[in-house]
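Beneath this line is the structure, given in structure tokens, with notes to follow.
Residue numbers start from 1 in every chain, and the chains themselves are labelled A, B, ... in the order their sequence lines are given, proteins ahead of strands. Being a predicted model, the structure only gives us computed values, none of them experimental.
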Amino acid sequence: MSNTLLSLDGVDTFYGEFQALFDLSIEVGVGECVALVGSNGAGKSTLLKVISGLMSPRSGTVSLRGENIGGVGAETVVKKGVTLVPEGRRLFPSLTVEENLLMGAQAKRGGPWSLERIYQLFPNIAERRRNLGGALSGGQQQMVAIGRALMTNPDLLLCDEISLGLAPVVVRELYERMATIRAQGMAVVIVEQDIGQASKVATKLYCLRSGRVVLEGSPSSLSRQQITEAYFGLETTAHGHS
Amino acid sequence: MAILEVIVQAMMLGGLYALFAAGLALVFGIMRIVNLAHGDFIVIAGFLALIVTWAIPVHPFVSLLIVIPVMAAIGYVLQRGLLNRIVGADPMAPLLVTFGLSILIQNALLQAFSGDTRKLQAGAIETSSMSIGGTAVGHYPILVFVVAVGVIWGLQTLFYKTRLGYVLRATSDDAQTVRLMGVDHRHIYAIASALAFAVIAVAGVLMAVRTNFDPTLGPARLLTAFEVVIIGGLGSFWGALIGGMVLGLAQAIGARIDPGIQMLVGHVVFLLVLLVRPNGLMPKVGH
Ligand SMILES: Nc1ncnc2c1ncn2[C@@H]1O[C@H](COP(=O)(O)OP(=O)(O)OP(=O)(O)O)[C@@H](O)[C@H]1O
Ligand SMILES: [Mg+2]
């Protein structure tokens, strides 16, 4: 067995007649941290929806430890160890913070994460455990969303723009916590529009544009200029894939 | 004492109406579906109890041991097989489908049971009473009220104090996101429907012991349930009890004045509440 956890091979995905992903292939190793960057509408969220099972690929395969999980549905995928922190947090507004976290335990996977551990990781949501999700600040809501995902005890955590709309100091705090989370050996895919933040923590980077991977490599081996060009589609270098 | 008699009458009507409404409120609250066949399922529960008591000579209340699970199963299958296809679609679809279902049920019941009026025979409890200050207070009205309070309390507790409760509320909030937690929203919708149908079973049997019924009574029960939900508001299951009591009291007072205007007074009070508090007496608080 190689140490590949997840691999997508030749994935095409559609919204009705609109094709959002084209022949897309990526790989995530066990315990690896992968950054996925790209501008608005590049297909980042769509890709995470396909991996987490919220959407089915029309063709191509999504395999987790060699098993095809494409199209089996999100409620099954999470039980196999892949979970998504969705874009816009999506807390349940009529549930308390604690009930939101407990929803993650519905996946019924054993592992290191429990209510206690989440409250240790994010002490300022522990104080708000009896509040409704909607009564929290944006940063606290994001912490609950991450905590709720961790409660499913994933092997692979997908994070969709967790820094969106948050103050830089809060974003820094979230990314510091991400280091603690990763110390458990869990693989992470981080989607961000901001290249800087993502490439700091990631060991591998994919740049998406118009539903295609246009650049991949380790952030340290790619120059700032290469990434920027791929991001905005300035076709000057020949590093693109498609 | 006239006042006591009115109150006892209101307790029975109100309890019955709260039970009619609780299932409707539950289904609407979780799935945003208005089931126009709701009243017809109440009538089905009455007929089901009738069949059970024909087949085995048991008391109608004992028949609930069969009627409740059978109705819950019908609710689960109906949701899973039919209504899940139209949850979240445009609101017209559930209205059309359940309206069709309502007509279908009424005609099927007419075919199977004819248009004759029926009644469940519950024996002594129907007429037995105790004397309070010289006024005869029937046991049955008290029983209906106590059952209604118990059912509403049970639903409220289930929704706000148990694990199934927060899973149901989360699914109602965001059916896509619960899937990321390993919850199959189609199953949870069907569970909610089964719960509603269990309450319908109790309502149907208590109704069928209390009054004559026939296959055409469904729409009138639906109308009552609607009025109760709108009077009570969607903030809590207790709203159904309060709505039921308000409507029951209005009708009991109306009947006291003139038996011919019982229903009319009920409708007028409903309209008044709608005018003064359009979101009901216990509205849903915004987030
Ligand atoms: N529900 C939908 N129906 C139809 N088209 C959609 C839908 N969601 C996204 N799209 C389209 O698919 C493409 C990819 O969208 P996606 O949300 O994956 O982009 P993204 O990279 O996450 O963008 P952002 O950074 O703005 O979140 C876009 O062209 C978008 O318009
Ligand atoms: Mg996105």
Would you please name every residue forming a ring-ring contact (aromatic ring centres under 6.0 Å, His included) with A/Phe122, sequence neighbours left out?
-> none

Looking at residues at least two apart in the chain, or sitting in another chain, which of them share a ring-ring contact (aromatic ring centres under 6.0 Å, His included) with B/Phe28?
->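 None.
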
Toward chain B: residues of residues 145-152 of chain A with heavy atoms under 4.5 Å |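 A/Arg148, A/Thr152 fall under the 4.5 Å cut-off.
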
Going by residue number, which parts of residues 95-117 of chain A are within reach of chain B, meaning a heavy-atom gap below 4.5 Å?
->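 Answer by number: A/Leu95, A/Glu99, A/Leu102, A/Met103, A/Gly104, A/Gln106, A/Ala107, A/Lys108.
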
Hey, are the side chains of B/Leu180 and A/Leu84 touching, using non-hydrogen atoms and a 4.5 Å cut-off?
->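 The answer is yes; the side chains approach within 4.5 Å.
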
Can you list the steps and then say if A/Phe92 with B/Thr171 is a side-chain contact (heavy atoms from CB on, under 4.5 Å)?
-> CA-CA 9 Å; A/Phe92 302 113; B/Thr171 307; over 6 Å; no

State, to 0.1 Å, how close A/Ser94 and B/Asp173 come at their nearest heavy-atom pair, and which atoms those are.
->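 Heavy atoms of A/Ser94 and B/Asp173 come nearest at OG-OD2, 2.7 Å.
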
Should we say atom [atom1] of [X] is surrounded by more than 12 heavy atoms from elsewhere, each under 6.0 Å from it?
{"X": "A/Lys80", "atom1": "NZ", "value": "no"}
{"X": "B/Arg32", "atom1": "CZ", "value": "yes"}
{"X": "B/Tyr160", "atom1": "OH", "value": "yes"}

Separation between CD of A/Glu75 and CE of B/Met181, rounded to the nearest 0.5 Å |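 Answer for the CD-CE pair, A/Glu75 versus B/Met181, is 12.0 Å.
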
